[in-house]
Asks: 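Just passing along the structure, written as structure tokens.
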Amino acid sequence: MSSADHREHLRIVEAILFASAEPLAAEVIAARMPPAVDVPSLLRELQALYAGHGVNLVRIAGGWAFRTAEDLGFLLRRDTVEPRRLTRAALETLAIIAYHQPVTRAEIEAIRGVATSKGTLDVLLETGWVRMRGRRRSPGRPVTYGTTPAFLDHFGLESIGDLPGLEELKGAGLLDMVPPGSIFVTPDDRSALDADEDPLEEGGADHEPDLFDER
């Protein structure tokens with residue numbers, strides 16, 4: 001490949017990433033490129049080119065995206081909309097879903113030790129950080145919940161495996177946000193359903209029956 005072709009391919013990848021509103025997997029970028037182009041190599045080259053700039057190319061949510069350099073983030077705070085703060089109940093529920101997914105509402109309540117309001121789950125669904133995965137093959141066929149790529153993007157995680165562990169949470173002083181009795185497991189945010197999950201009903205929005213008092 002000539003140097004001119006290489007530069008052109010680099011420019012195309014750069015343009016595709018700049019135009020995208022969400023992280024893109026290397027396979028998605030490759031589908032828009034000429035055949036036999038080594039996209040992973042181009043991405044690594046772009047990443048090196050932007051290192052030290054005000055904008056960096058980073059791996060996030062299983063894809064690639066341009067993000068403001070971390071040390072310059074404070075300069076943009078005045079231009080961002082202040083998000084609504086989640087309640088402690090919502091934060092605890094989000095943490096349980098992230099670490100225990102796929103998980104049902106009853107399982108969330110068992111870990112927290114208190115009933116979980118459907119409104120709390122609705123708020124998390126509205127943020128786009130949590131999704132309904134399927135239905136557990138158990139009495140009542142309860143809905144199972146998991147996190148989304150938007151969750152990874154918002155918290156700067158490349159994959160769900162990058163969630164902080166117990167020792168990291170202790171070191172960051174965040175252990176008090178972990179509900180008592182919470183057991184750290186290996187979370188799984190795959191799109192594929194587990195053997196004990198059925199797909200959500202087709203046609204219309206699926207919902208979970210209100211089997212518990214909301215409080």
Asks: Is the closest side-chain heavy-atom distance between Leu72 and Val55 below 4.5 Å?
Replies: no
Asks: Before accepting this row, confirm whether a basic side-chain N of the pair Arg133/Asp198 lies closer than 4.0 Å to the acidic partner's carboxylate O.
Replies: no
Asks: Less than 4.5 Å apart, any side-chain heavy atom of Leu86 and any of Thr93?
Replies: no
Asks: Just verifying a value: how many Å separate Tyr99 OH and Thr147 OG1, rounded to the nearest 0.5 Å?
Replies: 11.5 Å
Asks: Please report the interatomic distance CZ(Arg137) to CG(Asp194), rounded to the nearest 0.5 Å.
Replies: 10.0 Å
Asks: Does the side chain of Ile96 reach to within under 4.5 Å of the side chain of Arg112, using non-hydrogen atoms?
Replies: yes
Asks: Does Pro102 offer a backbone N or O that forms a donor-acceptor pair with the side chain of Arg136 under 3.5 Å?
Replies: yes
Asks: Taking atom CD1 of Ile29 and atom CG of Leu42, what is their separation to the nearest 0.5 Å?
Replies: 9.5 Å
Asks: Could you check whether any side-chain heavy atom of Thr144 comes within less than 4.5 Å of a side-chain heavy atom of Arg135, counting everything from C-beta outward?
Replies: no
Asks: Pick one: which of Thr120, Val103, Val114 meets side-chain contact (heavy atoms from CB on, under 4.5 Å) with Ile108?
Replies: Val103
Asks: Using a strict 4.0 Å threshold on nitrogen-to-oxygen distance, state whether Arg11 and Glu8 make a salt bridge.
Replies: yes
Asks: May I ask you to test the Tyr145-Arg131 pair for a side-chain heavy-atom distance under 4.5 Å?
Replies: no
Asks: With a 4.5 Å limit on heavy-atom distance, are the side chains of Pro142 and Arg105 in contact?
Replies: no
Asks: Would you call Ile60 and Leu157 a side-chain contact if the rule is heavy atoms closer than 4.5 Å?
Replies: no
Asks: Once you measure the plane-to-plane angle for Phe18 and Phe66, does it fall in the parallel (<30°), tilted (30-60°) or perpendicular (>60°) bin?
Replies: parallel
